[in-house]
Amino acid sequence: EDMKITLTNPPLPSMERLPQSAEWMDEDRSSLSLHKNDVNQALKTLIEAGAVIGGVTQRRMTLEELFVSLVSGDERGEQG
């Protein structure tokens, strides 16, 4: 399950310090997608880098991801 961390003042921490599952969702680095087990580590790293956290929410699938999961029979989109 993926989570989304939204930042109100994006810092520039090196990706090496963030969990391996972390990916920036946009060019301005205001949203980060990562696995739910990595949220605490990511929050610690971001706060230490001076980030202000705007929110932590469950990440929703994009329409493209949903389509691919349906076509490939992925468990998240598999129809029963």
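Along the sequence shown, the residues carry numbers beginning at 1.
Both Leu43 and Trp24 are assigned to one and the same hydrophobic cluster, defined by single-linkage of ILVMFWY side chains at heavy-atom distances under 4.5 Å. Residues Val56 and Leu46 fall within the same hydrophobic cluster, defined by Ile, Leu, Val, Met, Phe, Trp and Tyr side chains chained together at heavy-atom separations under 4.5 Å.
In this structure Thr6 satisfies the side-chain contact (heavy atoms from CB on, under 4.5 Å) test together with Lys4, Ser31, sequence neighbours excluded. Lys44 pairs by the side-chain hydrogen bond (donor to acceptor under 3.5 Å, both in side chains) definition with Glu48, not counting sequence neighbours.
The two residues Gly50 and Asn9 come nearest to each other via the heavy atoms O-ND2, 3.4 Å. Of all heavy-atom pairs between Thr62 and Arg59, the closest is CG2-NH2, 4.4 Å. Heavy-atom minimum distance, Ser21 versus His35: OG-N, 3.1 Å.
Side-chain contact between Leu7 and Val52 is absent, with no heavy atoms from C-beta onward closer than 4.5 Å. Within the 4.5 Å cutoff, no side-chain heavy atoms of Leu18 are placed close to those of Leu34. Between Thr57 and Ile5 there is no side-chain heavy-atom pair separated by less than 4.5 Å.
Taken from CE in Met3 to CG in Leu32, the straight-line distance is 11.5 Å, to the nearest 0.5 Å.
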